[in-house]
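Order of appearance sets the numbers: ligands from 1, and atoms from 1 within every ligand. Basis for what follows: all heavy atoms, side chains included, without hydrogens, waters or symmetry-related copies.
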Amino acid sequence: MLLSELQTGERGVVVRVTGHGAFRKRIIEMGFIKGVTVETILNAPLNDPIKYRIMNFEVSLRRSDARKVEIVSEKEAEREIIHHDDYTPLEAPEYGAMHHIAEERSKTINVALVGNPNCGKTSIFNIAAHAHERVGNYSGVTVDEKVGTFTHGGYTFHLVDLPGTYSLSAYSPEELYVRRHIIEKNPDIILNVVDASNLERNLYLTTQLIDMDITMVMALNMFDELKRSGDSLDIGQLSTLLGMPIVPTTGRSGKGIDKLFDTIIDVYERNQDAERELATPSYRHIHVNHGRDLERCISRLRTELYEHGFSDTLSTRFLAIKILENDKQLETYVQQRDPDGSVLKMRDEIADRFKKEIGRRLVDKDISKGHQVTVEEEPQDIESAITDAKYAFVRGALAECYSKNEKSTLHAHTDKIDALVTHRWLGYPVFLVVMFFTFFCTFAIGQYPMDWLEALFGWLGEQVGDAMSEGPLKSLLCDGIIAGVGSVLVFLPNILILYLFISFMEDSGYMARAAFIMDKLMHRMGLHGKSFIPMIMGFGCNVPAIMATRTIEDRKSRLLTMLVIPMMSCSARIPVYVILVTAFFSQWAAFVLMGLYLLGMVMSVLMAKFFSRFFVKGESLPFVMELPPYRMPTAKAVLRHTWEKGKEYLKKMGTIILGASIVVWALSYFPTNPDRRVQAENSYMAKIGKTIEPVMRPCGFDWRQSVSLLAGVGAKEVVASTMAVVYATSDEEAVTLEEDSESQENERRISELVRNNMSPLSAASMLLFILLYMPCISSVVAIKNESGRWKWAVFTIVYTIGLAWIVSTLFYQIGSLLHYQLL
Ligand code: GDP
Ligand code: MG
């Protein structure tokens, strides 16, 4: 528990002091060191500060500071003793236990991985935590935090893998996320992972972390590449300059990781002890020097912040720098705590003065250095001056300890491949070939396991059917669960193959190039180059596709992409397509299917353009996309990555589809009727279908079609299985069908039934409706989660249903008209 929760008269033992920099140090210097006993003398609920007795003298702490001290209280210890009755200390049981538990707990270290995208955080995470996370060569693969727990050197580590960021501003959701994690979760150690083959840009983030005044250890990752390139780096020197220990690592092979965690233990232990901390230069906190003028501005604002009591949760230096950079989120934070606005007023004043007096001079200096500057160049504002100063600091540090091998051939192959795949014209055919190959393998190779699975489920249904006696339970198992889930599971091989290709492209670095060359096209419709990948993934399953939109930094493009993904024809729709196409258009099957896919894509383009004009407001950010060097992905990583995506699909099957299958089955099974023919006409399902039939009439649908579509709201796969049920049970000879529900034979028979009960025009209209109408429940939930608002989820439901209805109605009505004209 926290020290602030300890009631008057109670005792506890300190486990650790969290928080950062100066504040933590102050608390430690007052004597709150791990293992020390504290007693609360006065803790009135509304009273601040709280009085404590510690080592026989009294101190008082502000409540906010007391919240930074983790303790074990006597009460907790007592409770623990009851649970561990094998623990028998000699005297004063709870007292001894308190120390014992505090000692144990202080051996847990919370570590957060922070670094640029693609620097190897997840690789390190995986090796350390033996976890199975996706490792990719494509920025943005890690999109929310992953926690792994493991032990090393007698300590337990809670390791958190955070999303990759280039900076800590409030610019993208990842950046905000990382910042919030550091501030709110107060990890004991920040493990800053740095790509050694790209130091300048990686260290920029490090300078911002230094501003936050947190305890850090640096993993100098990709050290193998640094060595191979022949560059030279004086690590000891860099470590002294940055004020943190640096451990060279190779995330791919795991080299250096043990040493890294040994170092973390060392830093953690020093950190809880005020005296040991200063012993080595690489363990001391430094300030990134922004140059005299800027430093003066920062320290003026900092004093103001300090006087307004801002020193408790955040480093005032960090806060000062951030609000000088016009950080909107922290501005709001300051405004809330300082309603009369004097801090922000001072900020504006400082920023104005800076621009007028110093910013002008900075530009002049640029001109005198011979830089190309147009005459009407604006004086530099404080925000960009801070960025420049940070880069200058990094360059200065590197100048002292790093020298580049100009003759390095490390990434020569990357340049060669890029000359082809990002070529202005050749890039597109290459891309098309890659895509074609991907889809070819997905469907051609995928057909084999699909057939096996189909056979397997048919067999399973038969076995279960034979073994059980007639009755609702048998029907539930065979017609409900096995048929429902089976019809979905057969697509798993296709999906896995598609995702295997996508994972390989991501992990090798090709996906970044694909996004790069697609950007011009995507941009025209208000989307982003990176929108392309999630849209392609949508052909597999919309749910992981919607989740993949997280890689798009630009909020507007991200939202637009999410909204149009449901138009991408996911594999769940294939079974219905197959049934309807076989029934009516078997001669042109390939064309009709192709046409549906294309229509979906065209619709998504039109919709994106439409929404970006009328609904989704906001400026698109300029396209900034890193092209990482090509790296041969490890087979393990690609397989893991594939599995991660496939898992979402399976999850959906185990939950929503299973549930929907049971509901659909129950609605069509009850109320039971001895006569099978009337059964279908009288079931609850039929009642619902007949109720909505009038609305669906203009699209050309009868109650059976309506009800199948309605069932598809749970999951699109269910449309096919529902049709199997409503058409089969309405036709006497088809009753035998249910015995081998999932074989191809069966599909053909359903097609036959459908042909007797539906007109080709109505079938075509239904195909259109299925393509466009409401995404399944899982997708809707995914949209809600990713956009953060129910509003957009509801919007998607409304617009897709509306669109489907309009398109199908137009199609059917015009079609009928032509039909009469022609006959
Ligand atoms: P993250 O985005 O920071 O989580 O980075 P990942 O862990 O996904 O790694 C990005 C790419 O770098 C992958 O292709 C890894 O295989 C590769 N990688 C990671 N660490 C190293 C390393 O130390 N050396 C080399 N050569 N490659 C690495
Ligand atoms: Mg990662």
Side-chain angles (χ1 to χ4, degrees), residues 111-148 159-166 172 174-175 177-178 190-199 201-202 205-206 218-231 233 246-260 408-414 417 502-513 530 548 550-551 553 625-642 644-645:
V111 181
L113 285 158
V114 178
N116 281 191
N118 229 15
C119 64
K121 296 177 297 302
T122 306
S123 303
I124 292 181
F125 179 87
N126 282 337
I127 294 214
H130 312 294
H132 296 273
E133 287 311 326
R134 301 155 23 183
V135 182
N137 192 12
Y138 174 54
S139 66
V141 169
T142 310
V143 275
D144 48 8
E145 60 175 52
K146 301 273 158 43
V147 190
L159 190 60
V160 181
D161 186 15
L162 292 173
T165 56
Y166 297 112
S172 76
E174 282 84 4
E175 290 173 356
Y177 192 93
V178 170
I190 299 296
L191 178 52
N192 180 203
V193 183
V194 164
D195 175 355
S197 59
N198 200 341
L199 282 170
R201 201 197 57 210
N202 276 255
L205 174 67
T206 308
M218 182 185 292
L220 190 67
N221 198 38
M222 311 263 177
F223 196 64
D224 56 328
E225 291 199 355
L226 183 85
K227 274 201 299 205
R228 258 195 299 145
S229 68
D231 299 353
L233 176 66
I246 300 179
V247 183
T249 56
T250 301
R252 211 210 261 277
S253 65
K255 219 169 146 194
I257 308 260
D258 279 337
K259 170 102 185 295
L260 180 65
S408 163
T409 54
L410 183 63
H411 292 309
H413 66 287
T414 293
I417 301 174
I502 288 179
S503 300
F504 182 84
M505 285 190 256
E506 280 182 355
D507 294 3
S508 63
Y510 181 70
M511 209 48 123
R513 275 74 181 180
K530 283 190 184 175
R550 294 180 198 173
T551 56
E553 290 91 0
M625 174 113 196
E626 188 193 349
L627 299 180
Y630 289 101
R631 295 192 174 99
M632 195 59 190
T634 58
K636 218 167 112 192
V638 174
L639 291 177
R640 247 191 234 148
H641 205 156
T642 305
E644 275 294 318
K645 294 184 188 121

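- Asp195 CG to Arg201 CZ: the interatomic distance, rounded to the nearest 0.5 Å, is 7.5 Å.
- Closest heavy-atom approach to atom 24 (N) of ligand 1 within the set Leu162, Asp224, Asp161: this belongs to Asp224.
- Residue Gly115 places no heavy atom under 4.0 Å from ligand 1.
- Distances below 4.0 Å separate heavy atoms of Gly251 from the following atoms of ligand 1: 20 (N), 21 (C), 22 (C), 23 (O).
- Between Pro117 and ligand 1, not a single N/O pair is under 3.5 Å apart.
- At least one N/O-N/O distance between Asn118 and ligand 1 falls below 3.5 Å.
- Using a 4.5 Å heavy-atom cutoff, the side chains of Asn221 and Thr249 are in contact.
- Below 4.0 Å from some heavy atom of Thr250 lie the following atoms of ligand 1, by number and element: 22 (C), 23 (O), 24 (N).
- The ligand atoms of ligand 1 that sit less than 4.0 angstrom from a heavy atom of Asn221 are 20 (N), 21 (C), 23 (O).
- Leu113 is not listed as a side-chain neighbour of Thr122, based on a closest heavy-atom distance of 4.5 Å or more.
- Taking all heavy atoms of Met632, Arg252, Glu506, Lys636 into account, the minimum distance to atom 21 (C) of ligand 1 is reached by Arg252.
- Checking only distances, Thr122 does come within under 3.5 Å of ligand 1, N or O to N or O.
- With Lys255 as the partner, the side-chain contact (heavy atoms from CB on, under 4.5 Å) test is satisfied by one option alone out of Leu260, Ile127, Thr250: Thr250.
- Contact annotation: the side chain of Thr165 approaches that of Leu205 to within less than 4.5 Å [non-hydrogen atoms, C-beta and beyond].
- Inter-residue side-chain proximity for Leu233 and Leu199 is flagged as met; some heavy-atom pair is nearer than 4.5 Å.
- Counting heavy atoms from C-beta outward, Arg640 and Asn126 have side chains that approach closer than 4.5 Å.
- Against a heavy-atom cut-off of under 4.0 Å, Glu225 is close to the following atoms of ligand 1: 26 (N).
- Lys121 places none of its side-chain heavy atoms less than 4.5 Å from the side chain of Leu162.
- Looking at Gly120 next to ligand 1, an N or O pair under 3.5 Å apart turns up.
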